Amino acid sequence: MPLEVNKHVERIRGYQPFDADTAEMVYELHADWSGPQFPVATLEYLLRAIEKPATKTIVLTGDAGHGKTSLCANLLAKLRPEAESNADARKGVRRDLSEYGDASRPIGRSHSGRELYILKDLSELNPQEGARKLVELLDPPDGGIAIICANEGQLRKCVAEDDNPDRGGTGRAKILVRVLTDGVARGQVSDPEGAVVVINLNYQSVAADSGSGGLIPWILKQWTSQQSSRWKSCDTCDARKICPILANREALGDPARGPHRREAVRAVFAAAEQTGAVVTTRQALSVTSYMLTGGLSCEDVHAKYRWSPSNRFWQAPHLYHQALFGDQLGQQDRHRVPTFFALRKLDPGKVSRRQVDDRLDPDTAGDFPPADANSYLQKVRTNRDAQKQAEQLRSLYTFLRRADFFNSEDKTDRFARMGLQAGDDFILAQDMNRDPADTRVRDRFLKGLEAVQGIHRAGSNPDFFILDPAFFTHRSRAAVISRRVSGRGVEVVDQVTQWQRESNAGAVPEMQDAVEWLNRAIYIRIPAVEPDKDAVSVEADLLRFELLTRWAAGLRSEVQHEAEIRGLSGALAELTDSSSRENDIQVLVGDVMRKLTIDTGDRIRSVRA
């Protein structure tokens, strides 16, 4: 049998920006228009928005790579019935978008007959031209609808240019930034009249907590499907038995174990997003492409086969559970796809857990073990031998831990295996049906905020101390208590609930419907000093909550996490009570509360509070 080159593998590799000719890749240009398209929630939201009579202008913003242009192309395809089933017609949509994507003329019509104008990239215009175009598209000709694709930086530059009267600015475009800001503060994506819609795609998740699970499990299922004929050429390839690409496809596409492996991949991406990383669609496709192919092409596998047809020790770094963390990539290539840095921070191969390591067996490493057992079981004679053996064993256990993480059907300790001890509590805080009497997450949150101020009290306490700002981080044995808050009035909520609390009219946030949604933060809401003031909210993504949890347990690194501590201290400063009229001063001495009272003759008396 010959050595076959699988065209499907080559298409998948097209999403990797590591070669010189793909370094400036736009992933939409590699889209397979003959296959199904991911049913992203934003597309359905756009289809509904353009049919509303009040809608005039829609802005898609966010980092480069979120698929703003792709969304516009898919929207046009939906509005053209022939493009739904005809690949050539869908390619025609792409050509039209390339030629008329400057909003100079209508490029389509809504189902209600309104003309549609699309500006596919605001960055193609300088700030002066962009400002004029934004104002023009706030009132499209003939009652039409305009869709503007713009990254946030360019959008703000153009709006600022329009806000400058010395350069002929009108000031009208600032409504776009106002709606964008309102989306961050309250989760709303439209102005009160509904004329302007701004969808911030930085909230878009590739690992959504919806039923579909988002882009990651969907694309992996599409690429590895056992029913697909795209892998048929591999059946007649001489190198199939030593091919890691085919092994990855079989592992992730396996009808029995493939679904939970794909779910484990989704869980790692979700944790990365919840720790603060923004994973764009382009980056997600690049990482999953590299993970599935192991960074190899069919020609690379063929070269290895010709060199040694029976060698099974070179494949291990290219298996999906190893390639996902980009060990074989240099720093420059990782910088091209920053998601690798976020994933490597959550590498289960670097986390030692006794209950995991005790059950790992090198003899069950699979068809492609990381090394020959004879190489790390040799007798040690010198220090160099000992160092070499230690490095080999470290690499072996990294391999085994990763493989076990994705093979294990037990989801109970996934966060802990990624080094996040507080992950389960973070998810619990987002559960609207949790037991209200369970205050563990709230108490741990508050204890962590006390630790930020340098307060370390033993046990579980029903109240929360806020120090005078002068004593937040640098204090000796005693510190002045500015305020004492009862835990009963404090609540921990998820992102959507926080937006609802912040909305004056109690409006339901639209953002969770406008994008593929994943809750990435929790908030602790502490009552304000004045009864008529809003509660003060402290935001925590998964990484910050992990830090607070560890600080609550007594661990701390002021230098390494100085920025986090400073940010949290600033939020707590809003809770200090500077208007207290009490003559008594409460002081925390060590772990003991004392009350200082000024007596006759300016004599200070101290009693235990």
Side-chain angles (χ1 to χ4, degrees), residues 1-16 18-19 30 32 34-36 216-266 268 284-329 349 364-372 399-400 402-408:
M1 289 185 291
L3 294 172
E4 300 283 354
V5 175
N6 190 330
K7 297 298 182 183
H8 181 48
V9 173
E10 295 306 302
R11 281 193 294 269
I12 293 173
R13 278 176 48 80
Y15 293 100
Q16 298 174 28
F18 307 126
D19 297 331
H30 295 272
D32 183 5
S34 62
I216 293 297
W218 185 89
I219 197 66
L220 284 176
K221 185 177 180 180
Q222 293 294 321
W223 283 350
T224 64
S225 174
Q226 295 286 346
Q227 284 75 37
S228 175
S229 60
R230 295 174 174 179
W231 294 89
K232 193 172 182 179
S233 60
C234 294
D235 296 339
T236 58
C237 182
D238 284 348
R240 66 188 184 282
K241 291 185 179 179
I242 67 154
C243 179
I245 304 175
L246 186 59
N248 289 337
R249 182 260 178 160
E250 291 175 346
L252 292 168
D254 179 71
R257 307 190 69 180
H260 78 255
R261 287 170 178 156
R262 297 193 297 268
E263 165 57 24
V265 174
R266 188 209 69 84
V268 177
L285 289 170
S286 296
V287 173
T288 50
S289 167
Y290 183 82
M291 176 186 71
L292 183 57
T293 64
L296 299 172
S297 65
C298 291
E299 289 84 354
D300 294 331
V301 177
H302 297 167
K304 294 283 189 180
Y305 176 79
R306 293 189 188 100
W307 175 65
S308 178
S310 59
N311 189 342
R312 291 176 173 268
F313 295 111
W314 62 266
Q315 295 91 339
H318 306 287
L319 298 180
Y320 77 93
H321 45 77
Q322 309 300 310
L324 177 60
F325 302 99
D327 294 342
Q328 302 296 304
L329 294 173
T364 62
D367 294 336
F368 303 124
D372 187 348
F399 177 93
L400 294 174
R402 289 172 175 171
D404 185 73
F405 177 86
F406 292 101
N407 285 327
S408 176

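Being a predicted model, the structure only gives us computed values, none of them experimental. Here, residue 1 is the first one in the sequence, and each next residue gets the next number.
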**Student:** Run the numbers on L252 and W223 for side-chain contact (heavy atoms from CB on, under 4.5 Å), then give the verdict.
**Tutor:** CA-CA 9 Å; L252 292 168; W223 283 350; over 6 Å; no
**Student:** Between N248 and P244 (side chain of the first, backbone of the second, donor and acceptor by atom type, cut-off under 3.5 Å), is there such a pair?
**Tutor:** yes
**Student:** Does any non-hydrogen side-chain atom of D367 lie less than 4.5 Å from one of K241?
**Tutor:** no
**Student:** Return yes if some donor-acceptor pair links the side-chain N/O of Q315 with the main-chain N/O of N311 below 3.5 Å, else return no.
**Tutor:**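 Checked: pair present.
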**Student:** Does any non-hydrogen side-chain atom of M291 lie less than 4.5 Å from one of V265?
**Tutor:**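 Counting from C-beta outward, V265 and M291 do come under 4.5 Å.
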**Student:** Where the side chain of R261 meets the backbone of A251, is there a donor-acceptor pair that is under 3.5 Å apart?
**Tutor:** yes
**Student:** Measuring from R240:CZ to L246:CG, what's the distance to the nearest 0.5 Å?
**Tutor:** 9.0 Å
**Student:** Testing the basics here: between H318 and G294, what is the closest heavy-atom pair and its distance to 0.1 Å?
**Tutor:**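 In terms of heavy atoms, the two residues are closest at ND1-O, 2.9 Å.
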**Student:** Measure the spacing between OH of Y15 and CG of L292 and express it to the nearest 0.5 Å.
**Tutor:**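 Answer for the OH-CG pair, Y15 versus L292, is 12.5 Å.
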**Student:** Between the main-chain N or O of L400 and the side-chain N or O of D404, is there a donor-acceptor pair closer than 3.5 Å?
**Tutor:** no
**Student:** Say you draw a straight line from CG of N6 to SG of C298; how long is it, rounded to the nearest 0.5 Å?
**Tutor:** 5.5 Å
**Student:** Strictly by ring pair (Phe, Tyr, Trp, His ring centres under 6.0 Å), give each pair with a member in residues 225-264 just once, sequence neighbours left out.
**Tutor:**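 For residues 225-264: H8-W231.
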**Student:** So, using ring pair (Phe, Tyr, Trp, His ring centres under 6.0 Å) as the criterion, who are the partners of F406 when residues are at least two apart?
**Tutor:** Y320
**Student:** Stepwise, does the side-chain contact (heavy atoms from CB on, under 4.5 Å) test hold for H302 with V5?
**Tutor:** CA-CA 9 Å; H302 297 167; V5 175; 4.0 Å; yes
**Student:** Please report the closest heavy-atom contact between Q328 and P317, naming both atoms and the distance.
**Tutor:**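 Smallest heavy-atom distance, with atoms named: NE2-CB, 3.5 Å.
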**Student:** Rounded to the nearest 0.5 Å, what separation is found between the CG atom of L220 and the CD atom of Q222?
**Tutor:** 10.5 Å
**Student:** Taking ring pair (Phe, Tyr, Trp, His ring centres under 6.0 Å) as the test, write out the residues that go with Y290, two or more places apart.
**Tutor:**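 Checked Y290 against ring pair (Phe, Tyr, Trp, His ring centres under 6.0 Å); matches are F18, F340.
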**Student:** Please give me the minimum heavy-atom distance between W314 and I242, naming the atom from each residue.
**Tutor:** CZ2-O, 3.6 Å
**Student:** Run the salt-bridge test on E10 and K7 with the 4.0 Å N-O cut-off and return the result as yes or no.
**Tutor:** no
**Student:** Using a 3.5 Å distance criterion without hydrogens, assess whether the side chain of S286 forms a donor-acceptor pair with backbone atoms of Q16.
**Tutor:**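 Answer holds: no.
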**Student:** Determine, stepwise, if the pair L324 / R402 fulfils side-chain contact (heavy atoms from CB on, under 4.5 Å).
**Tutor:** CA-CA 10 Å; L324 177 60; R402 289 172 175 171; over 6 Å; no
**Student:** Which heavy atom of L3 sits nearest to which heavy atom of C237, and what is that distance?
**Tutor:**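 Residues L3 and C237, closest heavy atoms: CA-SG, 4.0 Å.
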**Student:** For I245, does its backbone N or O pair with a side-chain atom of T293 as donor and acceptor, under 3.5 Å?
**Tutor:** no
**Student:** Would you name the heavy atoms of F405 and A264 that are closest together and state the gap between them?
**Tutor:** CE2-O, 4.2 Å
**Student:** How far apart are the closest heavy atoms of R312 and P369, and which atoms are they?
**Tutor:** O-CD, 3.7 Å
**Student:** Can you check whether S225's main-chain N or O pairs, donor with acceptor, with R249's side chain at less than 3.5 Å?
**Tutor:** yes
